[in-house]
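Here the structure is laid out as structure tokens; the discussion comes afterwards.
A note on names: the letters A, B, ... follow the listed sequences, proteins ahead of strands, and every chain is numbered from 1.
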Number of protein chains: 2
Amino acid sequence: MTRPVHRVAPATDTPVRQESLRAHNLSLTFRQIVGAPAPISRIELAVATGLTRPTITRIVDELLAGGLIVEAGPARSGNSGRPRVGLSLAPTGPAGLGLDIRVDALSACVVDLTGTVRHLAFAPRPPAAADTLARLADMGRAAMAAAAAEKLTVVGTTLAAPGPVENAGVVRFAPVLGWRDVDAAAALRHALGEVMVDNDAGLAALGELYASAPALRNFVCVSGEFDIGAGIVLEGALLRGARGWSGSLGHVAVTADGPVCACGATGCLQHYAGLQQILAPAAPAAAPAPAVAIDILASSGDRDTLAALDRAGTALGVALSALINIIDVDTVLLGGSYSLLASWLTEGVERELNRRVLTASWAPVSVRPAPLGPDAAVIGAALSAIDRVRQDPNSWLARA
Amino acid sequence: MTRPVHRVAPATDTPVRQESLRAHNLSLTFRQIVGAPAPISRIELAVATGLTRPTITRIVDELLAGGLIVEAGPARSGNSGRPRVGLSLAPTGPAGLGLDIRVDALSACVVDLTGTVRHLAFAPRPPAAADTLARLADMGRAAMAAAAAEKLTVVGTTLAAPGPVENAGVVRFAPVLGWRDVDAAAALRHALGEVMVDNDAGLAALGELYASAPALRNFVCVSGEFDIGAGIVLEGALLRGARGWSGSLGHVAVTADGPVCACGATGCLQHYAGLQQILAPAAPAAAPAPAVAIDILASSGDRDTLAALDRAGTALGVALSALINIIDVDTVLLGGSYSLLASWLTEGVERELNRRVLTASWAPVSVRPAPLGPDAAVIGAALSAIDRVRQDPNSWLARA
DNA sequence: AGAGTTACGTCAATGTCTGTAACAAATTCG
DNA sequence: CGAATTTGTTACAGACATTGACGTAACTCT
């Protein structure tokens, strides 16, 4: 009856010393500043973190010296007494660089510590992989220069790619681009330094996460570009799966014995809700920006397009019901191109969710367009790059 | 000599003081002992944790005094020198209590620190909810008494329930039992103290996780009892979702326009792969242990049953493909009753996974029966209760 | 203008952990 | 039997964060 036991997810595998204690409290305090909706004073920090005022003073000094935060003017707190000095994130200093490969364009984005987009550029996408990567390197260098001009230092770069990515570097499979096993991280390393590569749908979800005003914590963001991908955020963290290949929603079966898909399976969501498939009946010659074309056709009352949108919404709802039954989230964001088409899709999605999600009667799932829309992935990529500093400012302080 | 660089501990929301430092290092050391395949000496602990020998000595003293570990006899390490003293988990001290409500029976289980099952009992399930809970309370008390007789103290209790659970206490919906919104934690609190309630499929996955010999880290365990549930383990942690309602695989659509299910939707997996549905064509009068009945019928070559099993395997494969496309895991365990039927199901499941999982060609998904089978949920429940002590021994030490 | 109030900084005292180094124990080998 | 070797313990010093008390700054109200 003896059963051996083996290790499970540990808290941390490293020993801690006094030094790490200090680093931890510093990072804790910094995260409070990051998360505060408005400039926050030292006293408020002391209350929020549970640390004492002298400790906060010391930590704040360190953050100020490192250029990570700035003091705002004094702000009234109560009626009398010395006003509090607001502390907020510095608009200069570290920044994150994001790159995105979309069907219709390449884009680059720089965000600062506060999450503000400081630079956003687009360029056409060359057909060949090598040209695409070279162009991205150029855009990255240009973005870094633009950042430097505003006293920003790029501390990390993330590339969003439309397909499953392995080891944060190799794009396994990207049908739109015709890529297979492209080591994008290696190709960009020379020009841009270390580059993390991640799935675009996941990064779009991260973008929406960081940008969400009443912070979302559990949601899925469906990005409908060429491929349909889902970025799943649980407890404020992106779900990457065992090998980072989560979120291939496009190849979830809606009808097991449906029509054959390019992937070899049958009845995939892609077939019902892919942009090309929605557009096809009305305009066989694909337009450069299919989502816009679909929106125009639908607005003009085109029956084929409206019918296709209805099918797409229903199919999306079926696949999302599977997703939510499998992993419970309370919000669906229609992202990427779908954000432009949300008004045509939401109804069908909601209908299926209400029918099919087992727990819908206790806690209805909210469906809405993603605020950042098609730019969410670049912005998310840049934010994920800067977020390493936001979560652990010590790396930046150690550098200086 | 250069001092090793130590990364900050994790993103916790609490401040750390010297005291927590001590607690962290103690818990780190203890987890090493837990994870070691054989008794481990102080020196080995020092190497494994990165702490110094004096520190290890102090921590080990504390663990010995607290009764969490015991010294084994000296063991040869090299040829000469003082032999190492092996340290291993104490077979007495804290224990976890698990309870499970199954269709066919109630069960209770006690595991000790080492993960060994020390007590396992079954009882018939009364039809009414109140009776069921009263019986469970009795079984829990009996198990606690049995544990005490072996010098074990139950430090936590977990109840596995067949349905979505809210706030670790309220069973929202359990069709087999006819339960809706039953506050099981409250009902058992008086007899057993604080009880955590969780979904049975998730706990079964945890059971398989803790018991897996070459440790699994990313897998899904499908439990087919009355309801089909999936427990998803990612990086050694159970995925619970926003409200703990993850894993309702039974109501994932296999064919969107399929037959109507009891839940109100159409084409649910439950309809194709539920035990009752597999059994129905051959033996309309449900046997007490459907899985056994199915196995016997199939072994005897019953055509209807074989056909039903084929349909079930295929449907399971479709739903699991959706799951794996959505969240990437590399292993599927056929658990619960399915473990008994694995030989009839595996082929169909594998076929569909290979067709439908987008990344199957790079990394095939392994499908196999779950070693613990139908008892995984109780054992997992008990293990999850004791695991709190294993992950953080300080709670136990503080008590004494 | 002065009292009252709140915010923030500084200093010494305290406690606790780690690391180094010397020391004690237990066993093998010549 | 004693030297060598490895394991485990004790003693001391160094480092660092927290606490608490006191002092200073800034602003409002009377």
Does [X] reach the side chain of [Y], with side-chain heavy atoms less than 4.5 Å apart?
X	Y	result
B/P94	B/L68	yes
A/I59	A/L51	yes
B/D330	A/R243	yes

Candidates [options] - which lies nearest the side chain of [X]:
X	options	result
B/S41	C/dT18, C/dT27, D/dG8	D/dG8
B/R84	C/dG19, C/dA7, D/dT7	D/dT7
A/V85	C/dC8, C/dA26, C/dG19	C/dC8
A/L51	D/dT18, D/dA26, D/dG8	D/dT18

### Task
Look at the side-chain N and O atoms of B/T52 and state whether any lies under 4.0 Å from the OP1 or OP2 oxygen of C/dG19.
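Answer yes for this pair, as a side-chain N or O of B/T52 is under 4.0 Å from OP1 or OP2.
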
### Task
May I ask you to evaluate whether B/N25 reaches the phosphate of C/dT18, defined as a side-chain N or O under 4.0 Å from OP1 or OP2?
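So the side chain of B/N25 is within the cut-off, an N or O lying under 4.0 Å from OP1 or OP2 of C/dT18.
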
Round to the nearest Å and state the distance from [X] atom [atom1] to [N] atom [atom2].
X	N	atom1	atom2	value
A/L26	D/dA17	CG	P	10 Å
A/R22	D/dC16	CZ	P	7 Å
B/L45	D/dT7	CG	P	13 Å
B/H24	C/dT16	NE2	C1'	16 Å
A/L87	C/dA7	CG	C1'	12 Å
B/R58	C/dG19	CZ	P	12 Å

#### Entry: Approximate separation, where rounding is to 0.5 Å, of A/I33 CD1 and A/L87 CG
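So the CD1 of A/I33 and the CG of A/L87 are separated by 5.5 Å.
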
### Query
For the atom pair CZ (B/R217) and CG (B/L234), what is the distance rounded to the nearest 0.5 Å?
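Going from the CZ atom of B/R217 to the CG atom of B/L234 covers 9.5 Å.
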
### Task
Output every pair passing salt bridge (charged side-chain N to carboxylate O under 4.0 Å, His left out) with a member in residues 36-52 of chain A, not counting sequence neighbours, ordered by first then second residue.
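Every pair satisfying salt bridge (charged side-chain N to carboxylate O under 4.0 Å, His left out) with a residue in residues 36-52 of chain A: A/R42-A/E71, A/E44-A/R84.
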
Under 3.5 Å between N/O atoms: give me all the protein pairs with nucleotides 9-13 of chain C, atom names plus distance.
{"unit_1": "C/dG9", "atom_1": "OP1", "unit_2": "A/R42", "atom_2": "NE", "d": "3.4"}
{"unit_1": "C/dG9", "atom_1": "OP1", "unit_2": "A/R42", "atom_2": "NH2", "d": "3.3"}
{"unit_1": "C/dG9", "atom_1": "OP2", "unit_2": "A/R42", "atom_2": "NE", "d": "3.0"}
{"unit_1": "C/dG9", "atom_1": "OP2", "unit_2": "A/T57", "atom_2": "OG1", "d": "2.9"}

### Sidechain N-carboxylate O distance under 4.0 Å for A/D61, A/R58
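Answer for the salt bridge query: no.
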
